[in-house]
Amino acid sequence: MAADRPIVLGIETSCDETGVGIVRGEELLVDAVASSVDEHARFGGVVPEVASRAHLDAMVPTIQRACEQSGVRLADLDAIAVTSGPGLAGALLVGVASAKALAVALDKPLYGVNHLASHVAVDIVQHGPLPEPTMALLVSGGHSSLLLVPDVTDDVRPLGSTIDDAAGEAFDKVARVLGLPFPGGPHVDRAAREGSSIAIDFPRGLSSGKDLERHRFDFSFSGLKTAVARWVQAKERAGESVPVADVAASFQEAVVDVLTRKAVLACQDNGVDDLLIGGGVAANSRLRAMAQARCDDAGLRLRVPRPGLCTDNGAMVAALGAQMVLRGRAPSPLDLPADSSMPVTTVLSA
Ligand code: KG4
Ligand code: ZN
């Protein structure tokens, strides 16, 4: 192995994406993803058992595709990395078992890494080494967190998270209320472009007075979701048509306003100059625009990976695995468990 450019294969199966990525050092060679999202659409949310079975079907073909497209042979790999948590237990298990099989068969070190830290590390393959510390805002269907990251391989500190729904979950639920397809985020984003963000004054959770004092870096989106549903029901009951674009734009504005305000505040409180946004909701066009504007105003640098690297993928796991190798971290034991509730502070399964 070139000591500064280890070739690492990463496997991600924490939710509904079967991701297999390969990196060489800090360079992305391939990012192969198979998604079972269509199989969940009619349920309006991810069904764990369906996701696990889809991972089983997709795992070997996705590994093969990653190797073919990158020209990397399994024998060329220096290490295997896998998401060991948090996520859906059965789904994680498929990835962890597959990674163990590869590690044993190839006699290569195995790194079981944290899904949230991987969302942060992936930006290294697009924008280069992470400033230390970096502030990370992770927003997806499963998580909404503010993390202070002095060292993505070893030291990740949670500052706050959602106390009810995740940001993406709120997008998905509001989309359903508006009759838009699952997953709703991209549809709400698109509809919002035709609407007015100030048409309806929806609530900003945990953003003022005692709530803000007590939950400075926490989020709450369940009250907002209910407010949107009530507003739409009232319109329907009155026999009026629902202005979908205005509701989408006003809802989206409320979410994005709170996310960006708290993220900037977290940077300022902690003397951090670099903000990174990751997770599926980071694909949101309004979030990107408002985050950029507020970071410019506050003199902060903003990093947002391209949308394909924000949603769950294997490259993020490979990217963090490569950092583990580069920093000389000890590999995980071969009997490492899949840990559905792995705390964010555990970056590497030991
Ligand atoms: O990171 P991800 O692929 O999977 C999870 O770990 O959850 O995130 C998926 C979430 C879904 O809730 C989806 O609606 C949301 O990200 N999402 C968006 C956008 N694109 C995806 N939310 C708002 N605007 C978008 N453009
Ligand atoms: Zn994720």
Side-chain angles (χ1 to χ4, degrees), residues 10-19 21 31 33-38 40-41 43-48 51 83-88 91-92 95 113-123 136-145 147 161-162 165-178 180-193 195 197 221 224-225 248-249 251-260 276-291 304-317 319-320 340 342 344:
I11 296 177
E12 154 64 35
T13 61
S14 68
C15 191
D16 58 341
E17 265 94 22
T18 311
D31 184 23
V33 180
S35 176
S36 62
V37 68
D38 294 342
H40 307 288
F43 302 105
V46 175
V47 184
T83 303
S84 46
L88 302 171
L92 288 167
V113 299
N114 189 295
H115 180 78
L116 299 186
S118 302
H119 269 302
V120 178
V122 73
D123 197 47
L137 170 67
L138 293 188
V139 273
S140 76
H143 29 82
S144 303
S145 314
L147 307 173
S161 63
T162 181
D165 293 348
E169 207 178 343
F171 270 93
D172 295 339
K173 288 177 177 170
V174 163
R176 183 139 49 144
V177 167
L178 293 176
L180 300 170
F182 174 85
H187 299 280
V188 171
D189 192 349
R190 212 167 304 129
R193 282 178 209 159
S197 61
F221 299 110
L224 169 61
K225 171 197 70 189
F251 156 76
Q252 177 174 273
E253 195 73 3
V255 174
V256 168
D257 181 22
V258 176
L259 290 176
T260 54
L276 183 152
I277 307 184
V281 182
N284 184 266
S285 60
R286 183 67 184 132
L287 176 57
R288 286 172 172 247
M290 196 188 285
V304 191
R306 61 178 162 79
L309 295 179
C310 283
T311 49
D312 291 347
N313 63 78
M316 62 195 235
V317 182
L320 182 52
S340 61
M342 188 169 178
V344 64

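Just the heavy atoms: all of them, side chains too, but no hydrogens, waters or symmetry mates, feed the values below. Both ligands and their constituent atoms are indexed starting at 1 by order of listing. Just so you know, residue 1 is the first one in the sequence shown, and it goes up from there.
- From Phe171, atom CZ reaches atom CD of Gln252 across 4.5 Å, with rounding to the nearest 0.5 Å.
- In terms of protein heavy-atom proximity, atom 11 (C) of ligand 1 is nearest to Asp172 OD2, 3.7 Å.
- Separating the CD atom in Glu169 from the NZ atom in Lys225 is a distance of 7.0 Å, to the nearest 0.5 Å.
- Between Ser145 atom OG and Leu138 atom CG the span is 6.0 Å, to the nearest 0.5 Å.
- Scanning all heavy atoms of the two residues, the minimum distance from Ser35 to Glu17 falls at OG-OE2, 3.4 Å.
- Nearest protein heavy-atom contact of atom 21 (C) of ligand 1 is Gly280 O, 3.4 Å.
- Look at His119 and the Zn ion (ligand 2): an N/O/S atom of the residue is under 2.8 Å from the metal.
- Not a single heavy atom of Cys15 lies less than 4.0 angstrom from ligand 1.
- In this structure, Leu180 CG and Asp172 CG are separated by 11.0 Å, a value rounded to the nearest 0.5 Å.
- Protein heavy atom nearest atom 7 (O) of ligand 1, with residue, atom name and distance: Gly141 N, 2.8 Å.
- Among protein heavy atoms, the minimum distance from atom 18 (C) of ligand 1 is reached at Gly185 CA, 3.5 Å.
- Asp312 OD2, 3.0 Å is the protein heavy atom nearest to atom 6 (O) of ligand 1.
- A distance of 12.0 Å separates CG in Leu259 from CZ in Arg286, rounded to the nearest 0.5 Å.
- For atom 15 (C) of ligand 1, the closest heavy atom belonging to the protein is Val281 CG2, 3.9 Å.
- For the pair Gly168 and ligand 1, the shortest N or O to N or O distance falls below 3.5 Å.
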**Item:** Audit row: Ile277, Val139, side-chain contact (heavy atoms from CB on, under 4.5 Å) steps and yes/no
**Value:** CA-CA 8 Å; Ile277 307 184; Val139 273; 4.2 Å; yes
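- Considering backbone and side-chain N/O atoms, Phe171 never comes within less than 3.5 Å of an N/O atom of ligand 1.
- Defined by atom type and a distance below 3.5 Å, a donor-acceptor pair is present between the side-chain atoms of His143 and Ser140.
- Counting atoms of ligand 1 from 1 in the listed order, those under 4.0 Å from a heavy atom of Gly142 are 7 (O).
- Heavy atoms of other residues, nucleotides or ligands lying less than 6.0 angstrom from CZ of Arg176 number 12 at most.
- The distance from the OG atom of Ser118 to the CD atom of Glu12 is 7.5 Å, given to the nearest 0.5 Å.
- Close approach of ligand 1 to Ala283 (heavy-atom distance below 4.0 Å) involves ligand atoms 20 (N), 26 (N).
- Heavy-atom proximity to atom 24 (N) of ligand 1, evaluated over Val33, Val256, Asn284, is greatest for Asn284.
- At under 3.5 Å, a nitrogen or oxygen of Asp189, whether backbone or side chain, sits near a nitrogen or oxygen of ligand 1.
- Nearest to the Zn ion (ligand 2), among the N, O or S atoms that Asp312 has, is OD1.
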